[in-house]
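Quick notes on the structure that follows.
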Amino acid sequence: MGNGPAPKMTIPQIVEMKSAGRKISMMTAYDVAFARLVDAAGHGHDPVGDSLGMVMLGYPTTVPVTMDDMIRHASAVSRGAEHAVLVGDMPFGSYQTGRDDAIRNASRFLKEAGMDAVKLEGGHEVVETVRALVENGIAVMGHVGLTPQRVAQFGGFKVQARSADAARQLIDDCVALERAGCFAIVIESVPAAVAALATERVGIPTIGIGAGPDCDGQVLVLHDVLGLFGDFKPKFAKRYADLGPVIVDALRQYDREVKGGTFPDAEHSFSMKDAERAALERALAEPLRPKKVS
Ligand code: KIV
């Protein structure tokens, strides 16, 4: 057997990784170029996060992101990723207004953007919505802890579930989301011990972001990992490369070469046959012949 392209991952395969004790690594993607690179790196699972509002569109939070923003970016990702399970993040306002809106908007992710599943934020308060989506054939990933769409209620991007009561609520929410049919749950910015206890109590994979090492998988925001989002770096995000300065250097070199006349050189220009060029010069030496208008 040759080394053909890796087959497309499936949601049941992701779920089985928990019982097989295999860690799941997910990376966000927002456009076709990075979706190809994330896919090539072997991440079996790409969420198209509404974090794109901050890292791609320059909003201070994810709240202003619309369904149309999400569909445009998610469909670009699905044109780039061949291997990963793709999850479209339901933006603020797309599922809070009722079951029918949630089903209609989630369906857009599957029909228009080529997503395999959707993700939505919240615990017990979204359980009925999750159930309705799952009953209608839409795979759902949950998201608890620091749910960024509620950043104003939290008073900022703050670690959640630090008290015993709040931690108990978060664990109960994870169990309720599993019972409602979620196939996995993102747990964001909570103490590692709380995420570990939640992970023990559910049969579906937990995916941590700022939730310690004991979740079944991890996810990070691509721009944090690659150093593409200025100097801000959340405590939990490890910067695996610092591409910002590399990109600025490349762009400065281009600027210098254009201004210095060394780009484009012969290698980056198109040539013309000598005979055609000589004929052109002869033609240009003759007086201008106005084109006949018929
Ligand atoms: O918006 C986002 O990028 C997310 C990821 C953490 C999955 O929710």
Side-chain angles (χ1 to χ4, degrees), residues 11 14 23-31 34-35 38 43-67 69-74 76-77 81 84-96 105-106 109 113 115-123 126 130 139-151 154 157-160 170 173-174 177 182-190 195 198 204-212 215-226 228-229 232-239:
I11 290 169
I14 300 277
K23 291 276 189 189
I24 301 161
S25 113
M26 294 173 27
M27 183 57 58
T28 64
Y30 313 102
D31 64 21
F34 276 107
V38 169
H43 293 281
H45 204 149
D46 275 6
V48 185
D50 63 354
S51 51
L52 70 82
M54 298 172 76
V55 300
M56 300 290 289
L57 304 179
Y59 294 127
T61 71
T62 59
V63 172
V65 175
T66 64
M67 268 307 293
D69 292 332
M70 291 306 303
I71 294 293
R72 189 169 302 278
H73 284 271
V77 168
V85 168
L86 301 175
V87 182
D89 210 358
M90 306 269 300
F92 185 66
S94 68
Y95 57 96
Q96 290 89 345
N105 286 318
F109 273 111
M115 298 287 103
D116 300 302
V118 298
K119 174 170 86 57
L120 52 83
E121 297 182 5
V126 296
V130 170
V140 182
M141 179 178 237
H143 186 159
V144 296
L146 171 54
T147 43
Q149 292 172 11
R150 287 179 178 258
V151 66
F154 295 146
F157 293 91
K158 293 183 177 159
V159 177
Q160 300 297 305
L170 180 135
D173 282 347
C174 289
L177 288 170
C182 280
F183 72 91
I185 304 171
V186 170
I187 304 182
E188 177 162 353
S189 290
V190 305
I204 54 175
T206 58
I207 311 293
I209 171 163
C215 290
D216 301 302
Q218 298 292 327
V219 62
L220 285 175
V221 168
L222 181 74
H223 288 54
D224 292 337
V225 169
L226 298 182
L228 291 174
F229 196 51
F232 176 71
K233 184 176 87 55
K235 172 180 160 63
F236 56 75
K238 182 166 173 186
R239 192 168 275 186

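We count ligands from 1, going down the list as the structure has it; atoms in each ligand are counted the same way. None of the values given here were measured: they were computed from a predicted structure.
- In this model, no donor atom of one side chain and acceptor atom of the other lie less than 3.5 Å apart for Thr61 and Tyr59.
- Close approach of ligand 1 to Gly49 (heavy-atom distance below 4.0 Å) involves ligand atoms 1 (O), 2 (C), 3 (O).
- Applying the 4.0 Å criterion to heavy atoms of Asp50 picks out, from ligand 1, the atoms 1 (O).
- At a threshold of 4.5 Å between non-hydrogen side-chain atoms, the residues Phe183 and Val140 do not count as touching.
- Scanning the protein for heavy atoms near atom 5 (C) of ligand 1, the closest one is Thr28 CG2, 4.1 Å.
- For the pair Ser51 and ligand 1, the shortest N or O to N or O distance falls below 3.5 Å.
- Checking side-chain atoms of Asp116 against main-chain N and O of Leu86 turns up a donor-acceptor pair under 3.5 Å.
- Using a 4.0 Å cut-off between heavy atoms, Ile209 contacts ligand 1 through its side chain alone, with no backbone atom that close.
- Remark: ligand 1 atoms within the under-4.0 Å shell around heavy atoms of His143 are 8 (O).
- Considering backbone and side-chain N/O of Asp89, one or more are found under 3.5 Å from N/O of ligand 1.
- Residue Arg72 places its CZ atom among 12 or fewer non-hydrogen atoms of other residues, nucleotides or ligands, all under 6.0 Å distant.
- Pairing each heavy atom of Leu170 with each of Val190, the nearest pair is CD1-CG1, 3.8 Å.
- Using a 4.0 Å cut-off between heavy atoms, Leu52 makes no contact with ligand 1 at all.
- Under the 4.5 Å side-chain criterion, counting only non-hydrogen atoms from C-beta, Asp224 is in contact with Pro234.
- Using a 4.0 Å cut-off between heavy atoms, Met26 makes no contact with ligand 1 at all.
- Residue Lys119 has at least one nitrogen or oxygen atom sitting less than 3.5 Å from a nitrogen or oxygen atom of ligand 1, judged on distance alone.
- When all heavy atoms of Val221 and Met27 are compared, the closest pair comes out as C-SD, 4.2 Å.
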